[in-house]
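A quick write-up on the structure given underneath.
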Amino acid sequence: QVQLVESGGGLVQAGGSLRLSCAASGPTFSSYAVGWFRQAPGKEREFVAGITSSASITYYVDSVKGRFTISRDNAKNTVYLQMNSLKPEDTAVYYCAASVFPRNSANYYYSTRGYAYWGQGTQVTVSS
């Protein structure tokens, strides 16, 4: 059983930065792949970034490439999402999710269906 708690959201002006954290409980978190998703009002939850258990591979949706960076510190059971050059269209509730995937294939990371554990979300609002 893994419990995830997101933090770091808030209100920021366009062009600003935020760093989200996803803190996990459980001794085996280092074995889990982690994804960040976001959901804007009236829209489906969408994949933002993912990271393998060893942090050897990262995945990003095209709209955030070059602006967002996902990383993890397994000693602290925490995954981060550094968000730079924020845009109003980045406004959403951001969720982290974790699961164990049979292999490091991008298809597992991009879909919400594959994740066993979810956090409660943290609101990010970017003003223009």
Side-chain angles (χ1 to χ4, degrees):
Q1 188 78 9
V2 174
Q3 292 185 323
L4 305 173
V5 178
E6 302 95 335
S7 62
L11 174 63
V12 64
Q13 289 188 332
S17 298
L18 284 173
R19 187 176 80 156
L20 305 183
S21 298
C22 173
S25 64
T28 61
F29 181 66
S30 60
S31 301
Y32 285 79
V34 174
W36 281 98
F37 290 77
R38 65 187 178 187
Q39 188 166 19
K43 295 188 177 181
E44 292 187 355
R45 193 169 297 188
E46 67 167 351
F47 172 80
V48 176
I51 189 166
T52 58
S53 58
S54 65
S56 60
I57 303 173
T58 56
Y59 304 95
Y60 298 93
V61 67
D62 286 347
S63 60
V64 308
K65 285 180 180 177
R67 299 189 298 123
F68 291 11
T69 303
I70 188 171
S71 62
R72 67 189 298 162
D73 184 340
N74 284 338
K76 296 182 178 180
N77 274 11
T78 303
V79 173
Y80 304 98
L81 185 67
Q82 178 67 43
M83 306 187 296
N84 299 329
S85 301
L86 283 161
K87 304 175 181 180
E89 51 263 43
D90 294 318
T91 295
V93 177
Y94 283 70
Y95 300 88
C96 65
S99 197
V100 176
F101 296 135
R103 54 186 177 274
N104 291 330
S105 170
N107 289 339
Y108 289 108
Y109 289 80
Y110 279 59
S111 172
T112 59
R113 293 191 299 271
Y115 290 87
Y117 304 103
W118 289 84
Q120 82 291 345
T122 186
Q123 176 70 47
V124 171
T125 303
V126 184
S127 63
S128 58

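- With contacts defined as side-chain heavy-atom distances shorter than 4.5 Å, the pair Thr122/Val93 does not qualify.
- Tyr80 and Tyr60 are assigned to two separate hydrophobic clusters, defined by single-linkage of ILVMFWY side chains at heavy-atom distances under 4.5 Å.
- Ser111 contributes no side-chain N or O that, together with a main-chain N or O of Tyr108, makes up a donor-acceptor pair within less than 3.5 Å.
- Residue Gly114 comes nearest to Ser99 through the heavy atom pair O-OG, 3.0 Å, listed as atom of the first residue, atom of the second, then distance.
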| request: Just do the side-chain contact (heavy atoms from CB on, under 4.5 Å) check on Arg67 and Lys87 with the steps written out, would you? | output: CA-CA 10 Å; Arg67 299 189 298 123; Lys87 304 175 181 180; 3.8 Å; yes
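- Relative ring orientation between Tyr110 and Tyr59 is described as perpendicular, the plane-to-plane angle rising above 60° on a 0-90° scale split at 30° and 60°.
- When each of Leu81, Thr78, Val5, Asp73 is paired with Ser21, the side-chain contact (heavy atoms from CB on, under 4.5 Å) condition holds for Thr78 and for no other.
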| request: Step by step, work out the side-chain contact (heavy atoms from CB on, under 4.5 Å) result for Met83 and Tyr94. | output: CA-CA 12 Å; Met83 306 187 296; Tyr94 283 70; 3.9 Å; yes
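- A cation-pi arrangement is found for Arg45 relative to Tyr95, the charged atom lying closer than 6.0 Å to the ring centre and inside a 45° cone about the ring normal.
- Panel note: side chain Ser25, backbone Gln3; a donor-acceptor pair is recorded below 3.5 Å.
- Panel note: side chain Asn104, backbone Ser53; no donor-acceptor pair is recorded below 3.5 Å.
- Side-chain contact between Phe68 and Asn84 is absent, with no heavy atoms from C-beta onward closer than 4.5 Å.
- In this structure, the side chains of Cys22 and Trp36 come closer than 4.5 Å at one or more pairs of heavy atoms.
- Note: Trp118 CH2 to Cys96 SG = 9.0 Å, rounded to the nearest 0.5 Å.
- Taking 4.5 Å as the limit, every side-chain heavy atom of Phe47 sits out of range of all side-chain heavy atoms of Arg38.
- The two atoms that bring Ser17 and Ser85 nearest to each other are OG-N, 4.3 Å, heavy atoms only.
- With rounding to the nearest 0.5 angstrom, the OG atom of Ser54 is 8.5 Å from the CG atom of Asn74.
- With rounding to the nearest 0.5 Å, the separation of CD in Gln39 from CD in Gln123 is 11.0 Å.
- Within the 3.5 Å criterion, the main-chain N or O of Thr69 finds no donor-acceptor partner in the side chain of Gln82.
- Judged by the 6.0 Å and 45° rule, Arg72 forms a cation-pi pair with Phe29.
- Residue Gln120 holds its CD atom at 8.5 Å from OG of Ser7, rounded to the nearest 0.5 Å.
- Across every non-hydrogen atom of Ser31 and Val100, the tightest pair is O-CG2, 3.9 Å.
- Nearest heavy-atom pair, Leu4 versus Ala98, reported as atom, atom and distance to 0.1 Å: CD1-N, 3.7 Å.
- Using a distance-only test at 3.5 Å, with no hydrogens or angles considered, no donor-acceptor pair links the side chain of Asp90 to the main chain of Val124.
- Checked by atom type and distance alone, the side chain of Thr125 never pairs as donor or acceptor with a backbone atom of Thr91 at under 3.5 Å.
- Ile57 places none of its side-chain heavy atoms less than 4.5 Å from the side chain of Ile51.
- Contact record, Ser127 with Leu11: CB-CD1, 4.4 Å, taken as the closest heavy-atom pair.
- With hydrogens and angles ignored, the 3.5 Å screen pairs a side-chain donor or acceptor of Tyr115 with a backbone N or O of Tyr109.
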| task | Take Phe101 and Tyr32 through the test side-chain contact (heavy atoms from CB on, under 4.5 Å) and record every step on the way to the result. | result | CA-CA 8 Å; Phe101 296 135; Tyr32 285 79; over 6 Å; no
